[in-house]
Peer 1: 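Structure in structure tokens, see below.
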Amino acid sequence: MIAPDLCLAQPAHALLEALPARHTRLGALDIRRALPRSARRMVGPWCFLDRYGPITFREGQPMDLAPHPHIGLQTVSFLLEGEVLHRDSLGSEALLRAGGLNLMTAGHGIAHSEDTPMRNSGRLSGLQLWIALPENARQGAPAFEHHPTLPIRTFPNGEMTVLLGEGSPATTFSPILGADVTVRGALELPLDRSFEHALLVTEGTATLEGQPLVPDVLYYLGTGRDSLALDGTARFFLLGGAPFGEQILMWWNFVARTQEEIAAAAEDWARGDRFGLVRGYDGRPMPAPPLQGRVRPPAAS
Ligand code: MN
């Protein structure tokens with residue numbers, strides 16, 4: 001079943017929409033936010049995509065995210081270069097390196113920190129994404145998984161590391177694809193035609209159906225595609241999934257359905273309830289911004 005308010009899902013059709021990412025800052029780090037954008041809130045269950053780096057640094061911690069809470073989503077941390085140390089309120093501690101996956105399922109609530117470890121390569125390049133949890137999973141128990149290596153599918157002139165989706169050991173809750181794709185020449189990449197897809201170039205240059213792909217632009221591809229015809233020498237992140245079909249509300253680090261759920265989570269965080277303590281992080285937890293007025297529901301497309 002496809003919800004009638006997801007107009008792009010009916011009828012299924014292939015698009016090529018260029019959505020420039022928005023520049024913002026996260027502490028010392030320059031971020032390009034590709035999701036959500038006003039013109040596109042979600043791609044399948046994917047509801048958030050930040051791209052950062054590549055940067056070179058000599059000292060300090062370019063990534064320094066103090067303990068903060070999440071509900072109703074999974075966080076996906078993926079590096080092309082460098083290191084990030086994850087700690088959470090379940091007691092998990094995991095050093096993420098290039099090519100690995102840190103996957104945190106927030107369910108009804110978890111807190112975590114992510115920062116550049118003291119011993120590092122002086123390079124940082126990566127992606128932070130969120131996946132909305134469907135109704136039947138969003139109130140579940142929190143969990144954390146670290147996958148240092150992931151399955152690779154090879155094709156003529158390319159390969160795809162499958163972070164999430166068919167073949168990946170990562171836990172998922174709705175039909176999804178998240179993959180790091182390398183192209184070297186002309187590549188015909190098979191897709192699930194029932195999925196929405198989008199891609200973001202992370203390195204190099206490529207064309208899709210003859211059109212040049214620019215960095216820091218999310219290319220939304222619609223549904224109904226059996227394959228992608230790519231050419232060039234590049235690396236890109238491919239995200240996809242079945243159209244989500246549930247209206248979500250996003251505020252700060254929360255994905256919910258109602259204003260009341262968001263207000264309750266913010267209050268619990270301020271009071272030190274529900275989310276638990278992140279041990280080992282040197283510093284204070286992140287306060288929530290003021291919750292003023294009502295959280296706007298996403299624009300119906
Ligand atoms: Mn987070």
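In what follows, residues are counted from 1 in the order of the sequence shown. Whatever order the structure lists them in is the order used to number ligands and atoms, beginning at 1.
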Peer 1: In terms of side-chain geometry, is the basic nitrogen of Arg257 or Glu135 positioned less than 4.0 Å from the acidic oxygen of its partner?
Peer 2: yes
Peer 1: Cation over ring, Arg87 on Tyr281, under 6.0 Å and within 45°?
Peer 2: no
Peer 1: Taking atom types as modelled, find out whether Tyr220 and Glu196 have a side-chain donor-acceptor pair closer than 3.5 angstrom.
Peer 2: yes
Peer 1: With under 30° as parallel and over 60° as perpendicular, where do the rings of Phe144 and His86 fit, or are they tilted in between?
Peer 2: parallel
Peer 1: Hey, can you tell me if Trp130 and His70 have their rings parallel, tilted or perpendicular (30° and 60° cut-offs)?
Peer 2: perpendicular
Peer 1: What protein N/O/S atoms lie closer than 2.8 Å to the Mn ion (ligand 1)?
Peer 2: His68 NE2, His70 NE2, His112 NE2
Peer 1: If the threshold is 4.0 Å, N to carboxylate O, is there a salt bridge linking Arg184 and Glu159?
Peer 2: yes
